Amino acid sequence: MIVNLEKRLFAGAGLVSAMLVALSLAPAACAQGLLTVTPNRSVTTAAGNGSLGYTGDSGAASAATLADPSAVAYDANGNLYLADGRNHVVRQVSAAGAMTTLAGNGIEGYGGDGAAATSAYLDTPTGVAVDATGNVYIADSHNHRIRKVSGGIITTIAGTGTAGFSGDGAAATAAQLWLPSAVAVDGNGNVYIADTNNQRIRKITGTAITTIAGNGEELFSGDGEAATSAVLDSPTGVAVGASGNVYIADRHNQRVRRIAAAGGTISTIAGSGAPSFSGGFSGDGATATTATLARPSGVAVDAAGNVYIADTGNQRIRQVGGGAIATVVGSGQQGYGGDGTAPASVNLNSPKAVAADALGNLAISDQGNQRVRVDTLPSLLFASDNVGVLSAPLSVTLANTGSAPLAVSTTNFSGPFTAVPGGSCPASTVTLAPGASCTENIAFWPVAVGGASGSVSFGGTGVVPQSIRLAGAAVQTVTTVTLNSSLASPLVGEAVTLTATVQLPGAGTPTGTVSFYDGTTLIGTPQTLIAGSAWISTTALSVGTHTITAAYSGDPNFIAATSPALSQSVIDFGFTIASGTGTGTGTGSGTGGSGSGSSPITQTVAPGQPAIYAFTVLPVGGVIFPFPVTLSATGLPPGATVSFSPKVLVFTASGATFTMTIQTSASAALHPGNPFGRALGGSSIALGLLLLPFSGRIRRQARHLRLLSMCAALILSLAAIGGLSGCGTGSGFFGQAPQTYNVNVIGTAAGTTTSLQRFATVSLTVQ
């Protein structure tokens with residue numbers, strides 16, 4: 001049995017009384033603010049030439065003929081699907097605008113399950129939906145079934161083909177439906193059905209079917225309660241949002257209602273009036289629940305949560321967002337016209353359904369005009385720009401076309417776009433009086449090479465959001481590389497860290513590697529950039545001046561570059577022994593370098609006498625040595641002291657000079673058991689021994705005095721001669737042996753992180 005969906009304008013009241021009630025309940029006109037943006041939306045015809053028929057496959061969709069297009073849906077790739085009701089087919093319009101038939105052979109009936117969808121029979125399809133994998137679901141209304149096209153094959157997933165209500169909790173294919181008018185599918189593959197003449201919304205999970213809204217009665221009740229206890233009246237549209245909320249076009253209740261994902265309670269989000277209200281138009285710019293609708297037949301929700309209503313009897317598409325409602329397409333006049341003009345000037349003829357694509361563009365089944373119209377969001381296209389570089393701004397105008405003030409308090413961007421100073425709108429909340437406007441400047445700030453898209457949405461509490469699509473393209477950005485060294489003049493062998501930083505003209509984070517070169521020789525291995533910088537430490541640079549560069553490899557977004565050359569000096573110093581003098585015998589000269597002297601100078605001095613050496617200290621490699629050098633010495637004779645003039649060397653271009661004075665010790669130069677002392681001591685003892693036997697006799701025998709004196713003089717003379725001639729095996733005065741010492745002269749320079757020592761060796765003989 002075919003049931004006319006228009007047979008009940010309301011329950012239990014006549015047309016005249018309904019009109020009287022409508023007039024009595026229609027809200028009084030009140031001041032309302034309405035936000036509009038420029039650039040504005042534009043409407044075009046996507047399919048159908050306005051003639052009733054079934055033609056145009058394989059050609060341009062805009063040249064095809066349709067027969068009562070009743071539903072529309074988009075897939076993830078932007079292809080558009082439409083239920084071509086009286087042609088008994090479902091058709092597809094590719095993103096490029098070509099028309100094909102997806103399901104149905106154009107003959108009214110039922111058949112074809114398990115075979116090619118294009119060979120199947122459909123009977124007045126009025127609903128269509130597409131899941132994330134591209135499967136298409138059809139509300140095959142007069143066959144009382146839901147059918148699915150997957151891989152080109154059609155099957156029945158719900159309904160027995162017999163009108164009625166049964167089957168909840170069991171297999172959906174064994175359940176009865178009654179004129180299912182619309183179908184929707186969520187991200188998990190659950191299917192939702194507007195089971196119109198059963199006054200219910202039903203859900204297929206897996207293969208089982210249940211009722212999620214409506215108790216089967218035909219009227220209005222239940223807001224704030226469990227949706228399964230609510231009363232609906234001819235639900236003809238269903239949609240599901242990303243958050244799981246389900247939206248119902250409760251047509252003869254002149255409302256759009258919502259089943260909350262959490263808790264399953266039902267509420268009205270748009271539309272008002274008594275249960276017998278036959279519909280009307282009011283409320284744009286005001287709270288959606290105080291507005292009036294007229295036979296809303298279709299509902300859709302976009303990715304941002306905005307809800308769109310096919311307000312069929314009002315010849316409009318309306319949007320609910322920010323708690324308010326506004327017309328986005330339609331003049332309110334029934335007819336055809338307005339393509340390419342402002343959406344408010346477009347005439348529609350019984351718009352039956354609406355669908356939003358991933359970008360927020362709307363498809364409208366303009367049923368009475370035998371067309372599918374597309375309402376395209378306004379867009380700004382930015383010129384090609386460099387990655388990370390803020391583009392020149394483009395301007396958007398915000399205007400209040402209503403009769404009360406409004407406040408735009410939110411500006412939300414998606415994609416690499418941002419607001420920039422320069423417009424007349426304030427940086428915070430934009431408050432607009434009726435008729436007032438201001439401009440907002442928007443810029444493209446690309447983060448990667450290639451095309452980029454996004455959007456900006458303006459809204460606020462009580463303001464229906466208005467969006468603009470944004471697009472631009474970016475190319476690789478030129479970079480520069482700076483190179484720094486941790487040490488201006490490192491000592492030879494001292495660790496130096498080379499740091500390269502990739503500089504950008506704008507924002508962004510370059511990736512890739514940096515290679516460091518000493519001339520043409522690679523230092524170490526290429527280093528990975530971290531937060532735009534790379535570094536390497538080395539102790540291998542030889543003495544002298546090096547030409548260091550850093551080469552950035554580039555990445556997909558940023559162009560390779562090489563730093564300017566950095567001159568890196570590595571320094572050392574060494575001794576040259578110019579001359580030596582001493583008060584003893586002998587002079588000489590020699591040289592000393594890194595380590596020890598190759599021709600040590602030799603001086604001979606007597607104990608207690610100084611030895612003086614003169615040195616020149618030169619930088620190695622011709623680079624001025626910037627650090628002071630502190631002098632010291634080791635290997636001195638016992639008791640000797642050393643002094644330097646100056647003690648600390650400061651280099652000039654010609655190096656530095658100093659003298660070293662070694663002051664020997666007179667006492668310390670004597671050998672233990674001084675030979676001269678031994679000679680004197682031995683002679684004294686011998687003399688005493690010789691004189692001891694004669695002491696008494698000297699007193700008694702004066703005559704022998706002269707003889708004893710002569711003997712003593714003789715003994716002393718012999719002792720003296722023995723000392724001078726080196727009696728025994730010794731040599732020198734009273735037998736002292738010469739001692740030679742190798743004295744190390746040490747220069748110590750304290751660098752930034754380490755010290756450097758260099759040596760020279762001189763020879764000193766103490767005689």
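If you read the sequence from its start, that first residue is 1, and numbering goes on from there. Please read all numbers here as calculations on a predicted model, not as lab measurements.
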Less than 4.0 Å between a side-chain N and a carboxylate O, is that true for Asp375 and Arg41?
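Yes.
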Reference residue Pro446; test side-chain contact (heavy atoms from CB on, under 4.5 Å); the match among Asn557, Thr477, Asn386, Asp385
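It is Asp385; the other options fail the test.
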With Arg91, which of Thr101, Thr100, Val128, Val372 fulfils side-chain contact (heavy atoms from CB on, under 4.5 Å)?
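It is Thr101, the one option of Thr101, Thr100, Val128, Val372 that forms the side-chain contact (heavy atoms from CB on, under 4.5 Å) with Arg91.
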Check whether any side-chain N or O of [X] sits under 3.5 Å from a backbone N or O of [Y] as a donor-acceptor pair, and report yes or no.
{"X": "Gln568", "Y": "Ala488", "answer": "yes"}
{"X": "Asn400", "Y": "Leu432", "answer": "yes"}
{"X": "Asn306", "Y": "Gly321", "answer": "no"}
{"X": "Arg371", "Y": "Asn49", "answer": "yes"}
{"X": "Ser403", "Y": "Gln32", "answer": "yes"}
{"X": "Glu494", "Y": "Val570", "answer": "no"}
{"X": "Asp357", "Y": "Leu359", "answer": "yes"}
{"X": "Thr410", "Y": "Gly459", "answer": "yes"}
{"X": "Asp284", "Y": "Thr327", "answer": "yes"}
{"X": "Asn484", "Y": "Ala500", "answer": "no"}

From [X] [atom1] over to [Y] [atom2], what is the distance, rounded to the nearest 0.5 angstrom?
{"X": "Leu381", "Y": "Leu394", "atom1": "CG", "atom2": "CG", "result": "8.5 Å"}
{"X": "His546", "Y": "Thr521", "atom1": "NE2", "atom2": "OG1", "result": "10.5 Å"}
{"X": "Ile548", "Y": "Ser485", "atom1": "CD1", "atom2": "OG", "result": "8.5 Å"}
{"X": "Ile571", "Y": "Thr545", "atom1": "CD1", "atom2": "OG1", "result": "10.5 Å"}
{"X": "Phe516", "Y": "Thr538", "atom1": "CZ", "atom2": "OG1", "result": "11.5 Å"}
{"X": "Asn347", "Y": "Tyr336", "atom1": "CG", "atom2": "OH", "result": "10.0 Å"}

Between [X] and [Y], which heavy-atom pair has the shortest distance, and what is it?
{"X": "Ile364", "Y": "Pro351", "answer": "CG2-CB, 3.9 Å"}
{"X": "Asn245", "Y": "Ala261", "answer": "OD1-N, 2.8 Å"}
{"X": "Val389", "Y": "Trp445", "answer": "C-CD1, 4.0 Å"}
{"X": "Asn135", "Y": "Thr133", "answer": "ND2-OG1, 3.0 Å"}
{"X": "Ala95", "Y": "Asn79", "answer": "N-OD1, 3.0 Å"}
{"X": "Thr520", "Y": "Tyr517", "answer": "O-CD2, 3.8 Å"}

Worked check of side chain to side chain donor-acceptor pair (under 3.5 Å) between Ser569 and Ser489
CA-CA 5 Å; Ser569 297; Ser489 299; 5.2 Å; no
Determine whether [X] and [Y] make a side-chain contact, defined as any pair of heavy atoms from C-beta on separated by less than 4.5 Å.
{"X": "Leu398", "Y": "Gln466", "answer": "no"}
{"X": "Thr479", "Y": "Pro510", "answer": "no"}
{"X": "Val354", "Y": "Gln319", "answer": "no"}
{"X": "Leu541", "Y": "Pro490", "answer": "no"}
{"X": "Leu380", "Y": "Phe417", "answer": "no"}
{"X": "Pro526", "Y": "Ser515", "answer": "yes"}
{"X": "Pro405", "Y": "Pro434", "answer": "yes"}
{"X": "Val346", "Y": "Arg373", "answer": "yes"}

Before giving the answer on side chain to side chain contact (heavy atoms under 4.5 Å, CB included), spell out for Ile442 and Ile468 the whole-Å C-alpha distance, their side-chain angles and the decisive distance to 0.1 Å.
CA-CA 11 Å; Ile442 296 172; Ile468 297 176; 5.7 Å; no
Verify whether one side chain among [X] and [Y] offers a donor that lies under 3.5 Å from an acceptor in the other.
{"X": "Thr497", "Y": "Ser537", "answer": "yes"}
{"X": "Ser409", "Y": "Thr429", "answer": "no"}
{"X": "Ser457", "Y": "Asn412", "answer": "no"}

Could you go through Phe458 and Val396, starting from their C-alpha distance and side-chain angles, then the distance that decides it, and tell me whether this counts as side chain to side chain contact (heavy atoms under 4.5 Å, CB included)?
CA-CA 11 Å; Phe458 303 97; Val396 174; 4.0 Å; yes
Do any pairs count as a disulfide bond (SG atoms under 2.5 Å apart) and have a residue in residues 451-512, sequence neighbours left out, and if so which ones?
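Qualifying pairs, neighbours excluded: none.
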The test is side chain to side chain donor-acceptor pair (under 3.5 Å); show your working for Thr501 and Ser533 and say whether it passes.
CA-CA 4 Å; Thr501 301; Ser533 295; 3.1 Å; yes
Take Leu377 and Asn361 through the side chain to side chain contact (heavy atoms under 4.5 Å, CB included) test and state the conclusion after the steps.
CA-CA 6 Å; Leu377 286 177; Asn361 301 309; 3.7 Å; yes
Who pairs with Ser567 by side chain to side chain donor-acceptor pair (under 3.5 Å), at least two apart in sequence or on another chain?
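Once residues adjacent in sequence are excluded, Ser567 has no partner under the side chain to side chain donor-acceptor pair (under 3.5 Å) criterion.
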Partner residues of Tyr552 under the side chain to side chain donor-acceptor pair (under 3.5 Å) criterion, sequence neighbours left out:
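In terms of side chain to side chain donor-acceptor pair (under 3.5 Å), with neighbours along the sequence ignored, Tyr552 is linked to no residue.
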Between Phe651 and Phe573, what is the ring plane arrangement, given parallel below 30°, perpendicular above 60°, and tilted in between?
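If you compare the ring of Phe651 with that of Phe573, the planes turn out tilted.
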Do Val301 and Val299 pass the side chain to side chain contact (heavy atoms under 4.5 Å, CB included) test, and can you show the C-alpha distance, the side-chain angles, and the key distance before you say yes or no?
CA-CA 7 Å; Val301 58; Val299 63; over 6 Å; no
Working note: Thr45 + Ser62, criterion side chain to side chain donor-acceptor pair (under 3.5 Å); need CA distance, chi angles, decisive distance, verdict.
CA-CA 6 Å; Thr45 294; Ser62 58; over 6 Å; no
